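To start, the structure itself, in structure tokens.
FYI, side chains are in, hydrogens and waters are out, and symmetry mates aren't considered; it's all heavy atoms of this structure. The structure displayed is predicted, hence computed values, not measured ones.
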Amino acid sequence: MSALRAGRGEPQPMARSHSHADVEINYVFGGDVHALVGGLVRTLRPGAFVVFWGAMPHQVLGVSEDAEYAWLTVPLSRVLSWELDGSFAARLLKGEALIDAHTRAADASMVRRWMDASTAERAPLDARGIEREIEARLRRLEPHGEDPGRRVTSRSLELVERVTTFLGAHYLRPIGLADVGRAVSLHPSYALTTFRRACGLTVGQYLTRLRVAEAQRILLTTCLPIDEVARRAGFGSPSNFYELFTRECGMSPGAFRRRG
């Protein structure tokens, strides 16, 4: 599986939004960071602890002179393996940014420790210890009293990572269910059922969200016509794009572009 990746320093405004398949954690040590995250432009102040699915377009738009923050990414399949509340993954995969804006004294030193462990040569045991800390911190972002989490088998995790890797590399072109089965060397029905049980959504829903995320990026960073946005984001037709985008985002592509 992919390793944790991390970085820390003075954030720089980005010329364009970007996306990736991992879960991303941001922490603001100091100053203000103005960013597109979770579909909204937000001001993240010192002590803000932010978690979101990186497939949603995100971008640093501006920072104050004294801004300092850290970022860390964790493979989606790894997060799904943790025994988190059942709604946690659903909220992330819907594109929601989970933000704890209350300054917690322990967070700064904890995040620094994560940075050190993720950027230095460490034994596997150290990495597992950091992952347990991250899992424990994410638990404190969860709503309580909802569906219990699901334990996911290691075989399922391997399948999830193989499927998401394939979709992440090819989602801009037409993909059939048989293509997914061939990519992971399994019967399509078995692969799709296992993926749905592990992730709480179908391969088709995951594929749609990747394409919607790409469409959001294009809408926010170009003036291309909607029909061209649909084509570049991998949708079969403008009408299909309009319907799926509106369903996923709660607004039309044009409204999303105007709000951004």
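The shortest side-chain heavy-atom distance between Tyr206 and Thr164 falls under the 4.5 Å cut-off. At least one side-chain heavy atom of Val51 sits under 4.5 Å from a side-chain heavy atom of Leu92. Counting heavy atoms from C-beta on, the side chains of Trp114 and Glu133 come closer than 4.5 Å. You'll find the side chain of Leu72 reaches within 4.5 Å of the side chain of Val74, heavy atoms only. When side chains are defined from C-beta on, Val33 does not count as touching Thr43, because their heavy atoms never get closer than 4.5 Å. Taking 4.5 Å as the limit, every side-chain heavy atom of Leu98 sits out of range of all side-chain heavy atoms of Val50. Residues Pro13 and Gln59 have side chains not in contact (no heavy-atom distance under 4.5 Å, counting atoms from C-beta outward). Looking at Phe241 and Val212, their side chains never come closer than 4.5 Å, going by heavy atoms from C-beta outward.
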Exercise. For Tyr69 and Leu44, run side-chain contact (heavy atoms from CB on, under 4.5 Å): C-alpha distance rounded to whole Å, both residues' side-chain angles, the deciding distance at 0.1 Å, then the answer.
Key: CA-CA 10 Å; Tyr69 88 144; Leu44 306 176; over 6 Å; no
Self-check item: Evaluation steps, side-chain contact (heavy atoms from CB on, under 4.5 Å), between Leu172 and Arg232
Solution: CA-CA 7 Å; Leu172 295 180; Arg232 294 195 181 195; over 6 Å; no
Exercise. Could you go through the side-chain contact (heavy atoms from CB on, under 4.5 Å) check for Asp22 and Arg5 one step at a time?
Key: CA-CA 10 Å; Asp22 296 330; Arg5 295 188 301 113; 4.2 Å; yes
Exercise. Check step by step if side-chain contact (heavy atoms from CB on, under 4.5 Å) holds for Phe166 and Val180.
Key: CA-CA 8 Å; Phe166 171 73; Val180 177; 4.2 Å; yes
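Going from atom CG of Asp227 over to atom OG of Ser237 covers 9.5 Å, rounded to the nearest 0.5 Å. Going from atom CG of Leu219 over to atom CD of Glu214 covers 10.0 Å, rounded to the nearest 0.5 Å. Ile130 contributes atom CD1, which lies 9.5 Å from atom CE of Met110 (distance to the nearest 0.5 angstrom). Atom CG of Leu192 is separated from atom OG1 of Thr202 by 8.5 Å, given to the nearest 0.5 angstrom. The distance from atom CD of Gln205 to atom CZ of Arg247, rounded to the nearest 0.5 Å, is 7.5 Å. Considering CG of Leu244 and CZ of Arg211, their distance stands at 9.5 Å, rounded to 0.5 Å.
Of all heavy-atom pairs between Pro238 and Ala230, the closest is CA-CB, 4.1 Å. Minimum interatomic distance between Gly31 and Pro46 (heavy atoms only, all atoms of both residues): O-CD, 3.1 Å. Here the closest non-hydrogen pair linking Ile218 and Ala233 is CD1-N, 4.3 Å. Across all non-hydrogen atoms, the minimal contact from Leu141 to Ile99 is CD2-C, 4.4 Å. Smallest separation of non-hydrogen atoms from Val63 and His34: N-CD2, 4.3 Å. The two residues Cys249 and Gln216 have their closest heavy-atom pair at SG-NE2, 3.4 Å.
For Asp179 (side chain) and Gly176 (main-chain N/O), a donor-acceptor pair under 3.5 Å exists by modelled atom type. In this structure, the side chain of Arg257 engages the main chain of Thr222 through a donor-acceptor pair within 3.5 Å. Within the 3.5 Å criterion, the main-chain N or O of Tyr190 finds no donor-acceptor partner in the side chain of Thr193.
Annotation: salt bridge (charged side-chain N to carboxylate O under 4.0 Å, His left out) contacts involving residues 36-48, sequence neighbours excluded, comprise Asp32-Arg45. Listed by first and then second residue, the salt bridge (charged side-chain N to carboxylate O under 4.0 Å, His left out) pairs involving residues 65-75 are Arg8-Glu68 (not counting sequence neighbours). For residues 51-64, there are no salt bridge (charged side-chain N to carboxylate O under 4.0 Å, His left out) pairs, not counting sequence neighbours.
Salt bridge Arg231/Glu228: present, at least one basic N to carboxylate O contact under 4.0 Å. In this structure, Arg209 pairs ionically with Glu248, as a charged nitrogen and a carboxylate oxygen lie closer than 4.0 Å.
Contacts of Glu10 classified as side chain to side chain donor-acceptor pair (under 3.5 Å), with partners at least two apart in sequence or in another chain: none. Under the salt bridge (Lys or Arg N to Asp or Glu O under 4.0 Å) criterion, Glu24 pairs with no residue, sequence neighbours left out. The side chain to side chain donor-acceptor pair (under 3.5 Å) search around Ser252 returns none, not counting sequence neighbours. With sequence neighbours excluded, no residue forms a ring-ring contact (aromatic ring centres under 6.0 Å, His included) with His187. Remark: Arg137 engages Asp100, Asp107 in a side chain to side chain donor-acceptor pair (under 3.5 Å) (not counting sequence neighbours). Among residues two or more places apart in sequence or in another chain, the ring-ring contact (aromatic ring centres under 6.0 Å, His included) test is passed with Tyr171 by none. Taking the side chain to side chain donor-acceptor pair (under 3.5 Å) definition, one finds that Thr246 meets it with nothing, sequence neighbours left out. Looking at residues two or more places apart in sequence or on another chain, you find a ring-ring contact (aromatic ring centres under 6.0 Å, His included) between Tyr27 and Phe29. Glu243 is linked by a salt bridge (Lys or Arg N to Asp or Glu O under 4.0 Å) to nothing, counting only residues two or more places apart in sequence or in another chain.
Outside the 6.0 Å centre-distance limit, the rings of Phe235 and Phe245 are not counted as a close aromatic pair.
Tyr242 and Leu224 fall into different hydrophobic clusters, defined by Ile, Leu, Val, Met, Phe, Trp and Tyr side-chain heavy atoms under 4.5 Å apart, directly or through other members.
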